Amino acid sequence: DPATSRINFSYEIAVAPDGTARLRGPVSFEYNIEDDRPRFDNDDWLRAKINESAHHFDGVFWEKLHAYAKTEGSHENTAFIIELQAFKQNPSLEKAQQLVDRFIREGAPEELNIDGPQRRAVLDAFAQAQQAGQIAPNLFANTEASILALIKVNLPNRMAAAVRDGRFTV
């Protein structure tokens, strides 16, 4: 990454009366090269990318996380985060209804593992939005935070190990 990588050289030059220059002493350098390649085999890198999602959503990264989560039957959390991005881009009652029906309601096809009070708060806020005829873009903010926390705790270690062991290829 050119914005964060750097190489610094230091040297001393002596200029002779005839105008020629010579090095005086050794040339030294220091470097800091930032490697921005994906590191799916590194659980710390995975956690950092998940944290970064709060500010910058990387769809390719999340599709790869989702593909891994599907291999272990725990894909509802990553599916929710991916689908939530479409809602955030263009919030609508229709998209909110789809999220509620697919992930939030008890017995939903991909029901999220969230506690009862949180589920009730989202369902109540959604009911109020339906009555008012307008949706708040932050309707799912608490649920998103909870699910991101679950993903950070559970997914990176297992995915990194699977990539290192060759059980999952990105």
Side-chain angles (χ1 to χ4, degrees), residues 1-5 34-164 167-170:
D1 180 4
T4 56
S5 300
E34 292 291 327
D35 184 358
D36 63 351
R37 290 177 296 164
R39 298 298 313 211
F40 286 93
D41 61 342
N42 182 305
D43 51 320
D44 290 330
W45 182 86
L46 288 166
R47 263 189 223 85
K49 282 294 277 184
I50 292 166
N51 282 338
E52 188 180 291
S53 294
H55 310 290
H56 170 71
F57 185 77
D58 180 343
V60 172
F61 170 77
W62 278 94
E63 288 297 335
K64 290 180 182 187
L65 278 183
H66 184 62
Y68 173 74
K70 285 165 107 177
T71 68
E72 53 174 35
S74 64
H75 65 281
E76 66 281 351
N77 292 335
T78 52
F80 173 73
I81 296 298
I82 291 166
E83 294 300 321
L84 183 59
Q85 297 315 301
F87 171 79
K88 287 172 150 184
Q89 295 295 318
N90 189 17
S92 70
L93 283 169
E94 180 183 341
K95 286 180 184 173
Q97 180 74 61
Q98 291 168 356
L99 288 168
V100 165
D101 291 344
R102 182 174 169 190
F103 299 105
I104 304 297
R105 292 196 193 285
E106 284 189 44
E110 296 178 85
E111 182 180 349
L112 297 175
N113 183 14
I114 54 176
D115 64 34
Q118 185 176 24
R119 186 180 315 279
R120 176 61 27 220
V122 172
L123 293 173
D124 289 348
F126 178 64
Q128 289 173 359
Q130 284 180 307
Q131 284 181 330
Q134 74 183 74
I135 197 77
N138 64 348
L139 174 67
F140 300 101
N142 290 338
T143 304
E144 178 183 25
S146 295
I147 296 304
L148 284 172
L150 279 173
I151 291 170
K152 265 192 301 195
V153 168
N154 296 316
L155 195 62
N157 293 344
R158 293 192 313 261
M159 183 175 182
V163 170
R164 284 191 303 270
R167 291 177 284 124
F168 184 75
T169 305
V170 286

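Model, not experiment: these values are computed from the prediction.
- The shortest distance between side-chain heavy atoms of Ile50 and Pro156 falls below 4.5 Å.
- Residues passing the side chain to side chain contact (heavy atoms under 4.5 Å, CB included) test with Val153: none are found, sequence neighbours excluded.
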Just do the side-chain contact (heavy atoms from CB on, under 4.5 Å) check on Leu99 and Ile104 with the steps written out, would you? CA-CA 7 Å; Leu99 288 168; Ile104 304 297; 5.5 Å; no
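- At least one side-chain heavy atom of Gln118 sits under 4.5 Å from a side-chain heavy atom of Asp115.
- Looking only at side-chain heavy atoms (C-beta outward), Leu150 and Ile147 come within less than 4.5 Å of each other.
- Among residue pairs with one or both ends in residues 101-110, those qualifying as side-chain hydrogen bond (donor to acceptor under 3.5 Å, both in side chains) are His75-Glu110, Gln97-Asp101, Asp101-Arg105, Arg102-Glu110; sequence neighbours excluded.
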Verdict with reasoning, Leu46 to Leu65, per side-chain contact (heavy atoms from CB on, under 4.5 Å): CA-CA 9 Å; Leu46 288 166; Leu65 278 183; 4.3 Å; yes
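- Shown here are the side-chain hydrogen bond (donor to acceptor under 3.5 Å, both in side chains) partners of Arg164, two or more places apart in sequence or in another chain: there are none.
- Contact between Phe126 and Leu93 at its shortest, heavy atoms only, is CE1-O, 4.1 Å.
- Atoms NE2 and CD, on His66 and Glu83 in that order, are 8.0 Å from each other to the nearest 0.5 Å.
- For Glu94, the side chain to side chain contact (heavy atoms under 4.5 Å, CB included) partners two or more places apart in sequence, or in a different chain, are Ser92, Gln98.
- Here the CD1-CE distance, from Ile151 to Met159, works out to 11.5 Å after rounding to the nearest 0.5 Å.
- Applying the salt bridge (charged side-chain N to carboxylate O under 4.0 Å, His left out) test to Arg47 and every residue at least two apart in sequence or in another chain returns Asp43, Asp44.
- Put simply, the side chain of Asn138 never gets that close to the backbone of Ala141: no donor and acceptor are under 3.5 Å apart.
- Contact check for Thr169 versus Val163: no side-chain heavy atoms found under the 4.5 Å cut-off.
- Partners of Pro91 by side chain to side chain contact (heavy atoms under 4.5 Å, CB included), not counting sequence neighbours, listed by chain and number: Phe87, Ile135, Pro137.
- The ring-ring contact (aromatic ring centres under 6.0 Å, His included) analysis of residues 93-120, with sequence neighbours excluded, yields the pairs Phe80-Phe103.
- Going from atom CG of Leu148 over to atom OG1 of Thr143 covers 11.0 Å, rounded to the nearest 0.5 Å.
- Taking Asn113 as the reference, nothing meets the side chain to side chain contact (heavy atoms under 4.5 Å, CB included) condition, with sequence neighbours excluded.
- Rounded to the nearest 0.5 angstrom, Glu144 CD and Leu112 CG are separated by 11.5 Å.
- Glu63 is linked by a salt bridge (charged side-chain N to carboxylate O under 4.0 Å, His left out) to nothing, counting only residues two or more places apart in sequence or in another chain.
- Rounding to the nearest 0.5 angstrom, the gap separating the CD atom in Glu52 from the CZ atom in Phe57 is 11.5 Å.
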Asp41 vs Arg39, side-chain contact (heavy atoms from CB on, under 4.5 Å): CA-CA, chis, key distance, verdict: CA-CA 5 Å; Asp41 61 342; Arg39 298 298 313 211; 3.2 Å; yes
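- Under the rule for a side-chain hydrogen bond (donor to acceptor under 3.5 Å, both in side chains), Asn142 has no partner lying at least two apart in sequence or in another chain.
- Shown here are the ring-ring contact (aromatic ring centres under 6.0 Å, His included) partners of Phe168, two or more places apart in sequence or in another chain: Tyr68.
- Sorted by first and then second residue, the salt bridge (charged side-chain N to carboxylate O under 4.0 Å, His left out) pairs involving residues 66-81 (not counting sequence neighbours) are Glu72-Arg158.
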